[in-house]
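Hydrogens, waters and symmetry mates play no part in the numbers below; they use all other heavy atoms, side chains included. In what follows, chains are A, B, ... by sequence order, proteins preceding strands, each numbered from 1.
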Number of protein chains: 2
Amino acid sequence: MSNTLIAEKGEKSADLLHLEAFMPYRLAVLATLVSDSFSTTYSDRFGLTIPQWRVMAAIGHAPGSSASKICTYANLDKVQVSRAVAELVQRGLVRRDVDEADRRNMMLTFTARGWHIYENIVPVARDYEKRLLEGFSEDERAQLDRLITKLAERAAAL
Amino acid sequence: MSNTLIAEKGEKSADLLHLEAFMPYRLAVLATLVSDSFSTTYSDRFGLTIPQWRVMAAIGHAPGSSASKICTYANLDKVQVSRAVAELVQRGLVRRDVDEADRRNMMLTFTARGWHIYENIVPVARDYEKRLLEGFSEDERAQLDRLITKLAERAAAL
DNA sequence: TGTAATTAGTTTCATATGAAACTAATATAG
DNA sequence: CTATATTAGTTTCATATGAAACTAATTACA
């Protein structure tokens, strides 16, 4: 009876894979949860998208970087960086000057307003991270750090 | 000199936040990396998107579930589920029948072809996870499990 | 009962995304 | 040198996404 066969398959397969215990799924859910709650805290206050926030972080980290440096540093593709920068320039937070040493490159720096915003976001970000890791011992933090690095290495190899 | 002031700010702020050490960023990058490499392995072979894969996993786990059950189980919103199901029905992998007990609900089950695909994907998924965690000791796996759960709890609270 | 509120799922619409094509500048080879 | 390849960044275009509006069914309660 094909109906019975299908039902049996269903019962068997139910034990084969539980999404809630499946590592790629768990990582995706966790990252989305963290990302959403974090981005809420800064998009509410500063009106930045995730790529915009990362570009700000990249410029703050290394002012004068080119867009392609930012792609690498912030793990964004060049279209995302191009658009994020355009918007930040538009809003008067970032300056985009041609690098005279190689006129293909853009030199990206903050305006005074950009620095102001950046210096306000950084403590918010630090505080978010602090609250996220509240209740984690020094040992747990070190473990987490190590395990994430190890996982990223493995994933990059697959 | 305002130029000097800005340069000094740049140097100071560069130490304030390193994206590569910032937990929300690291989790996002890791999840994307894992998600991309995993989805490549099954989209190449089975032509499924991420929401479609999760819907398949949900139906395999609990055949006959409604779309809203699948939203909860697979952490997808109802639009994603609606569209993924429509496509899977279209492709002859899933049946969508009205639940006569409550005609608002859809009862989602696999067709024979759907079961076939599902039973082929599950080993691929298991194998991917196995390779991802290759080189992780039992203790490291347990730690990872615990830390992810703990992080997700914290993030949900923020 | 009949009316309001709720729930399930779909569709619409406006925005987000990224691959591929494009422009401009530089580097490399013949 | 000139021609070709490469690199940086932007724009275009087709698809993905999700909030809000919508349809249909059920439940709550006056």
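Comment: B/Asp127 engages B/Arg131 in a salt bridge, judged by a side-chain N to carboxylate O separation of less than 4.0 angstrom. Under 4.0 Å is where a charged nitrogen must lie from a carboxylate oxygen, and between A/Arg26 and A/Glu20 no such pair does.
Put simply, CD1 on A/Ile50 is 13 Å from C1' on C/dT17, counting in whole angstrom units. Counting to the nearest Å, the C1' atom of D/dA19 and the CG atom of A/Asp36 are 14 Å from each other. Summarising the geometry, the separation between CG on A/Asp99 and P on C/dA25 is reported as 13 Å, rounded to the nearest angstrom. Note: CG (B/Asp77) to C1' (D/dA20) measures 12 Å, nearest angstrom.
In this model, the phosphate group of C/dG18 is approached by a side-chain N or O of A/Gln80 to a distance below 4.0 Å at OP1 or OP2.
Across all non-hydrogen atoms, the minimal contact from A/Trp53 to A/Ile121 is CZ3-CG2, 3.2 Å. For the residue pair B/Phe46 and B/Ile117, the shortest heavy atom distance occurs at CD2-CG2, 4.1 Å.
B/Phe38 has its ring centre less than 6.0 Å from the ring centre of A/Phe22.
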Where protein sits on nucleotides 4-14 of chain C, one letter per nucleotide: B base, S sugar-phosphate only, - none, heavy atoms under 4.0 Å: ---BSBBBB--
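Within the 4.5 Å cutoff, the side chain of A/Leu151 has heavy atoms near those of the B/Leu132 side chain.
Between A/Pro51 and A/Ala101, the residue anchored closer to the 5' end of DNA chain C is A/Pro51, taking for each the nucleotide with the nearest heavy atom.
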